[in-house]
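Working notes, beginning with the structure itself.
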Amino acid sequence: MGLRRALYRNLVQLQRTRLNSPRIPPRHNVCQQYERAFSCTSRTLTSIKVGDVELTSERYKGSVERGDYGHLASADVAFFRDLLGKHRVVTDSVEMETHNVDWLKMVKGASHILLKPKTAEQVSAILQYCNSKKLAVVPQGGNTGLVGGSVPVFDEIILSLSSLDRIISLDEWSGVLVVEGGCILETLNTYLQQHDLIMPLDLGAKGSCQIGGNVSTNAGGLRLLRYGSLHSTVLGVEAILADGTILDCLNTNKKDNTGYDLKHLFIGSEGTLGVVTKVAIHCPPKPNAVNLALLGLEDYDKVLKLFQKCKADLGEILSSCEYIDSQSMSCVTKNLNLKCPIGSHPFYMLIETSGSNGDHDGEKLNKFLEDVMSHGIVNDGTVASDSSQITEMWGLRERIAESLMNDGYVYKYDLSIPLTSFDTLVQDMKDHLGPNVVRVCGYGHLGDGNIHLNITSEQYDKHVVQQIEPFVYEWVAKHRGSISAEHGLGFKKKDYISYSKPVAAISLMRQMKKIFDPNNILNPYKVLPDKNGEGH
Ligand code: FAD
Ligand code: 2HG
Ligand code: ZN
């Protein structure tokens, strides 16, 4: 008891303490942690201006051609104004600009119109009309996607889901939440906390991304280790098909084996099979106790040992296990002027526990930390002691994506590869590229076998792309990994699908697309390669 009190005093005095001696991890209320607000699109990125972004149709000239679609006419605009009211039909080029460009400022379309329906029936009427006129449409949620899926490639109509933002129902007994597709993830989480529940997913873009966008990309994020993917937590969806059909698969039962489970087709199909207007999702209870440790490690072997050990020792209270290499850490600290609370190390791990009993979890984490220190796996680290420290510490991980953009141009690779290969891939890529780039770094969801390999250069350089690709895809295919673990294929990765999927699977996908969207009006140029793209 004496030791415990002394340690708490130290924590108060020092704000944060190094783990160079065994200590009892501090405890705090989980709701404080999940109240951290980070709206990724509210941050302005200094390096690239929207106007400077090259049009996708120019940058990728030769590899993508406009389909045989109708061109927007004044009669179409009049139809949409009549349907939605004039304030929900945006044609002003300044307002359109941010919707034509993605968050990364890498792809840019030239749409002339943005529609903001308020109801599923309006979405249905829009699609029915567009289908009859063969007008192409791109569904857009929070526009935080990282593969160029959420913006037009040419002049597709942008269908914003932002106004479908109603919370429809919450069954507090079962934890099933039913909401409209445009609800912002963080808003839902804040709402649920008032009912002692949380969303089963969490990601750095939470302040801007929408649940419909999350479902359509099958977003992974920081809690997947604990709560599984959206294929397990989403119970039902309402989706509008390309011809305007309202498909009500809004099941709210945990079990439902009546025929083919069609909702799964909308999870991860990136707006190419239907527009998600409602989602039913199973939400876990809000944990009573959360701890977050940031640990420094000297070699990759120790990273693997630490992961094994935290799975074994922390078991059911382990809720997140994230990996940061030294280049990623120096990027987020230097480019965003953040402070890392521990010394410099080749590798870092963020380990979060969430549970129902603070004493139990604190003791468990404390024992685990003592153990990994006495085995020489870890010799430096800190445990956050209050909500602001926790927010800051998560910021070191969540804001890496943002910090990379300050280097100039970012080449992103979101890969599933064997755990043993995370650092080998980064080193191989470094050797392969030599001094032609600013940075090669790796970070991500170690607990899920998902690394984010990022390479930066001062500006977009086609020669750098040619050096990276197909090298990286061949590397991943050789290890039977996935060339897109959680971000999807969108526009930027579609031509590489065959590195992760066989010809027969791609052919079935094409047939499915034909059934759902025979005129190919829904998010064309995305997910599936254009012509004979099965081989590479
Ligand atoms: P958008 O970007 O608007 O759209 C993404 C795709 O879904 C597009 O193809 C679009 O056409 C389609 N779409 C959107 N809404 C609908 C709808 N209602 N119906 C049909 N199709 C629709 N992703 C992860 O998986 N894990 C992470 O940890 C993660 N962290 C991120 C951190 C940052 C800082 C940023 C910027 C992004 C991150 N992402 C992450 C990527 C992105 O946030 C997710 O893909 C998110 O799910 C996209 O949601 P959105 O509402 O912004 O969708
Ligand atoms: C994350 O986990 C996101 O932070 C972004 O998925 C990954 O920037 C990336 O490559
Ligand atoms: Zn991620």
Side-chain angles (χ1 to χ4, degrees), residues 38-41 43 45 99 102-104 117 120 123 137-152 156 158-162 164 180-185 201-224 229-230 237-240 266-279 320 322-324 328 331-332 394-395 397-405 410-415 441-446 448 450-456 484-492 494 522-527:
F38 169 42
S39 172
C40 70
T41 52
R43 294 178 200 284
L45 298 156
H99 295 272
D102 71 332
W103 185 83
L104 285 168
V123 175
V137 176
V138 52
Q140 189 174 86
N143 197 11
T144 66
L146 300 174
V147 288
S150 53
V151 292
E156 299 91 282
I158 304 176
L159 179 63
S160 167
L161 277 302
S162 303
L164 275 90
E180 287 187 328
C183 289
I184 289 178
L185 178 60
L201 82 159
D202 182 27
L203 47 144
K206 63 178 134 301
S208 304
C209 65
Q210 300 172 6
I211 188 66
N214 300 145
V215 168
S216 302
T217 53
N218 187 21
L222 306 162
R223 290 180 193 159
L224 187 136
S229 92
L230 290 172
V237 300
E238 175 190 82
I240 317 300
F266 300 99
I267 303 176
S269 55
E270 302 179 60
T272 60
L273 298 183
V275 177
V276 174
T277 44
K278 291 191 186 79
V279 176
S320 204
E322 294 287 316
Y323 165 78
I324 306 173
S328 308
C331 185
V332 77
W394 265 121
R397 166 64 188 84
E398 291 185 351
R399 297 186 65 189
I400 299 171
E402 179 193 349
S403 70
L404 284 160
M405 289 170 75
V410 190
Y411 312 85
K412 273 194 181 301
Y413 300 91
D414 161 37
L415 314 167
C441 66
Y443 65 98
H445 316 289
L446 185 97
D448 309 317
N450 174 196
I451 185 173
H452 296 307
L453 171 70
N454 279 260
I455 297 144
T456 60
S484 182
E486 62 173 6
H487 298 158
L489 295 167
F491 175 72
K492 300 203 72 190
K494 71 183 165 77
L522 268 181
N523 222 0
Y525 325 107
K526 315 286 170 61
V527 181

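Whatever order the structure lists them in is the order used to number ligands and atoms, beginning at 1. Keep in mind that the numbers below use all heavy atoms, side chains included, and drop hydrogens, waters and symmetry copies. Every value quoted in this text rests on a predicted model; they were computed, and no experiment measured them.
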Note, [X] side chain near [Y] side chain (heavy atom, < 4.5 Å):
X: Leu522; Y: Leu273; result: no
X: Met405; Y: Leu104; result: yes
X: Glu486; Y: Asn218; result: no
X: Pro152; Y: Ile158; result: yes
X: Gln210; Y: Ser162; result: yes
X: Asp414; Y: Leu146; result: no
X: Leu222; Y: Glu398; result: yes

Could you go through the side chain to side chain contact (heavy atoms under 4.5 Å, CB included) check for His452 and Lys412 one step at a time? CA-CA 7 Å; His452 296 307; Lys412 273 194 181 301; over 6 Å; no
Exercise: identify the closest heavy-atom pair between [X] and [Y]:
X: Asn454; Y: Tyr443; value: ND2-CE2, 3.5 Å
X: Pro139; Y: Gly271; value: CG-O, 3.8 Å
X: Val147; Y: Gly488; value: CG1-O, 3.4 Å

What part of [X] sits under 4.0 Å from ligand 1 if we count only heavy atoms: the side chain, the backbone, both or neither?
X: Arg399; value: neither
X: Asn218; value: neither
X: Asn214; value: both

Mark up the atoms of ligand 1 that fall under 4.0 Å of a heavy atom belonging to [X], in ascending order.
X: His445; result: 28 (O)
X: Gly274; result: 20 (C)
X: Val275; result: 19 (N), 20 (C)
X: Gly145; result: 2 (O)
X: Gln210; result: 50 (P), 51 (O)
X: Ala219; result: 25 (O), 47 (O)
X: Trp103; result: 36 (C)
X: Ala205; result: 32 (C), 33 (C), 35 (C), 37 (C), 43 (O)

For [atom], which of the options [options] provides the nearest non-hydrogen atom?
atom: atom 11 (O) of ligand 1; options: Gly271, Pro139, Gly141, Pro152; answer: Pro139
atom: atom 52 (O) of ligand 1; options: Thr144, Asp414, Ile240; answer: Thr144
atom: atom 53 (O) of ligand 1; options: Gly213, Ala239, Gly221; answer: Gly213
atom: atom 47 (O) of ligand 1; options: Leu522, Thr217, Leu222; answer: Thr217
atom: atom 7 (O) of ligand 1; options: Ser216, Ala485, Ser229; answer: Ser216
atom: atom 2 (O) of ligand 2; options: Arg397, His487, Glu486; answer: Arg397

Proximity of Glu398 to ligand 2 by residue part, where a heavy atom lies under 4.0 Å: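 Neither part.
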With a 4.0 Å cut-off on heavy atoms, is [X] touching ligand 1?
X: Gly490; value: no
X: Ser150; value: yes
X: His487; value: yes
X: Gly182; value: no

May I have the step-by-step check of salt bridge (Lys or Arg N to Asp or Glu O under 4.0 Å) for Glu322 and Arg397, ending in yes or no? CA-CA 8 Å; Glu322 294 287 316; Arg397 166 64 188 84; 2.8 Å; yes
Backbone or side chain, does His452 get an N/O/S atom under 2.8 Å to the Zn ion (ligand 3)?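 Checking His452: at least one N, O or S atom is under 2.8 Å.
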Measure from the Zn ion (ligand 3) to each N, O or S atom of Asp414 and report whether any distance is below 2.8 Å.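 For Asp414, the answer is no, given that no N, O or S atom comes within less than 2.8 Å of the Zn ion (ligand 3).
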[Y] and [X] side chains, donor-acceptor separation under 3.5 Å:
X: Glu270; Y: His487; value: no
X: Thr277; Y: Glu180; value: no
X: Asn143; Y: Ser150; value: yes

Considering only protein heavy atoms, which is closest to atom 9 (C) of ligand 2, and at what distance to one decimal place?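 Its nearest protein heavy-atom neighbour is Tyr443 OH, 2.8 Å.
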Please assess Val138 against Val151 for the test side chain to side chain contact (heavy atoms under 4.5 Å, CB included), listing each intermediate value before the final yes or no. CA-CA 7 Å; Val138 52; Val151 292; 5.9 Å; no
Does Leu146 have a heavy atom less than 4.0 Å from any atom of ligand 2?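 Yes; Leu146 lies near enough to ligand 2 that a heavy-atom distance drops under 4.0 Å.
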Taking both backbone and side-chain atoms of Asn454, is any N or O found less than 3.5 Å from an N or O belonging to ligand 2?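 For ligand 2, there is an N or O atom that lies under 3.5 Å from one belonging to Asn454.
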